[in-house]
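Model, not experiment: these values are computed from the prediction. In what follows, residues are counted from 1 in the order of the sequence shown.
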Amino acid sequence: LCEQLISNINQAGLYGTVALPTSFVNQDDFEQSSSFGRYVAEQMFYEFNQRGFPIREYRIGHEIIMRESEGDFYLSRENGSFNIPDGSSVVIAGTYYQDKFSLFVNARLIRPADGLVLRTAQMVMPMTGVAQRMLARSGRRLEAGSLGIRSAKELQPGNEPMSVIDMGYDVH
């Protein structure tokens, strides 16, 4: 993806530009990412850096946090936003879509000042067990809630009869 994004690009037009990789998102829900989407962003940090493209780390915490038996932490995903510096930055963003057999990934190099898409890239990869597990780890968590359950003994006469599912039988 990185090679597609920066190959044959007018480097003079990007002189002094800094890249800001972001988590790739679910194509069907731009508010949702996954371990896979976050991993692709991490790979973009690496791949752009290896090709000599300056990268800015914007997930910097306010301090180094040390936790016994866990480690030292500087990166942070605290809720908030990052103000993109003037016109000297490009954002690396993308989407992914999965089906039973394949994973489709699209990437964009975007100039934030005007939303111009400078370059695009795409790839299709086979759906593997690792990819499935990474995609299953979505950034969203189920919210707490309650479910009213009542006993069959509580049903009043005259109500509709319970189905086999209501009675707890498995139906195949």
Side-chain angles (χ1 to χ4, degrees), residues 1-7 9 18-84 89-112 115 117-149 164-165 168-172:
L1 287 173
C2 179
E3 197 60 39
Q4 290 178 50
L5 288 173
I6 64 174
S7 68
I9 196 166
V18 175
L20 301 162
T22 61
S23 298
F24 281 39
V25 297
N26 181 331
Q27 180 177 308
D28 293 331
D29 182 355
F30 284 7
E31 298 295 318
Q32 181 184 50
S33 189
S34 62
S35 292
F36 177 80
R38 292 183 292 278
Y39 177 76
V40 174
E42 289 297 319
Q43 282 302 109
M44 291 292 120
F45 273 95
Y46 171 79
E47 296 294 340
F48 271 72
N49 181 266
Q50 290 300 302
R51 289 164 174 79
F53 207 105
I55 302 289
R56 174 164 288 134
E57 178 57 80
Y58 54 90
R59 302 168 298 178
I60 296 173
H62 302 292
E63 58 192 14
I64 297 173
I65 298 170
M66 296 177 285
R67 289 188 218 140
E68 189 176 333
S69 302
E70 290 184 38
D72 311 318
F73 303 90
Y74 187 55
L75 298 179
S76 174
R77 281 206 170 98
E78 288 181 17
N79 285 338
S81 60
F82 173 78
N83 292 324
I84 299 172
S89 299
V90 291
V91 173
I92 303 165
T95 62
Y96 57 85
Y97 174 80
Q98 70 185 79
D99 73 6
K100 185 175 181 179
F101 302 106
S102 301
L103 182 56
F104 304 84
V105 183
N106 291 287
R108 297 166 191 78
L109 195 60
I110 304 167
R111 187 170 59 199
V117 176
L118 302 171
R119 298 285 293 175
T120 60
Q122 66 176 355
M123 71 176 207
V124 179
M125 56 188 272
M127 183 59 72
T128 64
V130 171
Q132 287 175 335
R133 288 188 297 278
M134 290 178 84
L135 289 162
R137 294 187 191 121
S138 152
R140 295 201 170 183
R141 301 284 182 242
L142 295 176
E143 294 181 18
S146 62
L147 175 65
I149 300 175
V164 290
I165 293 173
Y169 295 105
D170 288 337
V171 178
H172 299 280

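Looking only at side-chain heavy atoms (C-beta outward), Lys100 and Met127 stay at 4.5 Å or farther from each other. With a 4.5 Å cut-off on side-chain heavy atoms, Val40 and Tyr96 do not count as touching. For the pair Gln43 and Pro21, the minimum side-chain heavy-atom distance is 4.5 Å or more. No side-chain heavy atom of Met44 sits less than 4.5 Å from a side-chain heavy atom of Ile55. No side-chain heavy atom of Tyr58 sits less than 4.5 Å from a side-chain heavy atom of Val18. At a threshold of 4.5 Å between non-hydrogen side-chain atoms, the residues Glu3 and Arg51 count as touching. Between Phe104 and Asp99 the shortest side-chain heavy-atom distance falls below 4.5 Å. Residues Val90 and Phe53 meet the side-chain proximity criterion, which asks for heavy atoms closer than 4.5 Å.
Of all heavy-atom pairs between Met134 and Tyr39, the closest is CE-CB, 3.4 Å. Contact between Gly94 and Arg108 at its shortest, heavy atoms only, is CA-NH1, 3.9 Å. Here the closest heavy-atom approach between residue Phe48 and residue Ala19 is recorded as CD2-CB, 4.2 Å. Among all heavy-atom pairs drawn from Ala41 and Thr22, the shortest one is CB-O, 3.2 Å. Here the closest heavy-atom approach between residue Val124 and residue Ser102 is recorded as CG1-CB, 4.0 Å. Across all their heavy atoms, Phe45 and Arg59 have their closest contact at CE1-NH2, 3.6 Å.
For Ile64, the CD1 atom is loosely surrounded, since the number of other residues' heavy atoms within 6.0 Å does not exceed 12.
The structure places CD1 of Ile65 at 11.0 Å from OH of Tyr74, a figure rounded to the nearest 0.5 Å. Separating the CZ atom in Arg111 from the CZ atom in Arg119 is a distance of 14.5 Å, to the nearest 0.5 Å. Residue Leu109 holds its CG atom at 9.0 Å from SG of Cys2, rounded to the nearest 0.5 Å.
With hydrogens and angles disregarded, a donor-acceptor distance shorter than 3.5 Å links the side chain of Ser33 to the backbone of Phe24.
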- Task: Walk me through it: do Leu1 and Glu47 pass the test side chain to side chain contact (heavy atoms under 4.5 Å, CB included)?
- Result: CA-CA 9 Å; Leu1 287 173; Glu47 296 294 340; over 6 Å; no
- Candidate pair Leu135 and Leu103, rule side chain to side chain contact (heavy atoms under 4.5 Å, CB included), full reasoning: CA-CA 10 Å; Leu135 289 162; Leu103 182 56; 3.8 Å; yes
- Item | CA sep, side-chain torsions, deciding dist, call: Thr95, Phe30, side chain to side chain contact (heavy atoms under 4.5 Å, CB included) | CA-CA 8 Å; Thr95 62; Phe30 284 7; 3.8 Å; yes
